[in-house]
**Student:** 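Input: one structure, supplied below.
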Amino acid sequence: ARRVSDTGDVYFVPAFSGLFAPYWQPQARGILAGLTQYTNRCHIARATLEAVCFQTREILEAMNKDSKIPLTELLVDGGMTKNDLLLQLQSDLLGIPIVR
């Protein structure tokens with residue numbers, strides 16, 4: 001994913017068992033869109049990382065709306081947090097620091 005500067009207009013929606021919070025659409029299905037002859041595995045990997053970040057942002061926006069308490073940082077742990085690119089993308093998308 002780091003080998004490319006963007007997704008090459010590839011988009012991934014990871015809804016293998018539906019879309020859950022905050023949409024609650026269990027009948028939704030995953031999709032990988034925007035593939036061309038120039039798409040490579042790095043574009044797909046980056047699109048996957050970005051999808052995780054966008055899903056996280058959607059959950060956090062719903063939490064902020066409900067609680068009316070904006071997050072000032074996001075504490076993270078787990079296997080995916082070893083990926084520096086993922087955490088940088090997440091921080092950029094949220095506009096707040098990510099703390100391991």
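The figures here come from the full heavy-atom set of this structure, side chains too, leaving out hydrogens, waters and symmetry mates. Position 1 is the first residue of the sequence, and the numbers go up from there.
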**Student:** Apart from Val99 itself, which Ile, Leu, Val, Met, Phe, Trp or Tyr residues share its cluster (side-chain heavy atoms under 4.5 Å, direct or through members)?
**Tutor:** Leu75

**Student:** Does Tyr38 have any ring pair (Phe, Tyr, Trp, His ring centres under 6.0 Å) partners at least two apart in sequence or in another chain, and if so, which?
**Tutor:** none

**Student:** Please name all residues satisfying side chain to side chain contact (heavy atoms under 4.5 Å, CB included) with Arg100, sequence neighbours left out, ordered by chain then number.
**Tutor:** Val76, Asp84, Leu87

**Student:** Looking at every heavy atom in both Val4 and His43, which two are closest together, and how far apart are they?
**Tutor:** CG1-NE2, 3.7 Å

**Student:** Nearest heavy-atom pair of Gln90 and Ile98: which atoms, and what distance?
**Tutor:** CG-CD1, 3.9 Å

**Student:** Show the nearest heavy-atom pair for residues Leu74 and Ile96, with the distance to one decimal.
**Tutor:** N-CD1, 4.0 Å

**Student:** Just verifying a value: how many Å separate Leu86 CG and Ser91 OG, rounded to the nearest 0.5 Å?
**Tutor:** 11.0 Å

**Student:** Establish whether Phe54 and Ile59 are linked, either directly or via other cluster members, by ILVMFWY side-chain heavy-atom contacts under 4.5 Å.
**Tutor:** no

**Student:** Kindly list each side-chain donor-acceptor pair under 3.5 angstrom involving residues 8-26, sequence neighbours excluded, with atom names and distances?
**Tutor:**
from: Tyr23; atom 1: OH; to: Glu58; atom 2: OE2; distance (Å): 3.0
from: Gln25; atom 1: OE1; to: Gln27; atom 2: NE2; distance (Å): 2.6

**Student:** Looking at SG of Cys53 and CG of Leu85, how far apart are the two atoms once the value is rounded to the nearest 0.5 Å?
**Tutor:** 8.0 Å

**Student:** Do the side chains of Glu61 and Arg57 get close enough for a salt bridge, i.e. N-O under 4.0 angstrom?
**Tutor:** yes

**Student:** Can you tell me if CG on Asp66 sees more than 12 non-hydrogen neighbours from other groups inside 6.0 Å?
**Tutor:** yes

**Student:** Could you state the interatomic distance from CG (Leu93) to CD (Glu50), rounded to the nearest 0.5 Å?
**Tutor:** 8.5 Å

**Student:** To the nearest 0.5 Å, how far apart are CG in Asn64 and CG in Leu71?
**Tutor:** 4.5 Å

**Student:** Can you name the side chain to side chain contact (heavy atoms under 4.5 Å, CB included) partners of Ile69, sequence neighbours left out?
**Tutor:** Ser67

**Student:** The criterion is side chain to side chain donor-acceptor pair (under 3.5 Å); which residues satisfy it with Asp92, sequence neighbours excluded?
**Tutor:** Gln88

**Student:** Shortest non-hydrogen contact from Ala1 to Leu49?
**Tutor:** CB-CD1, 3.8 Å

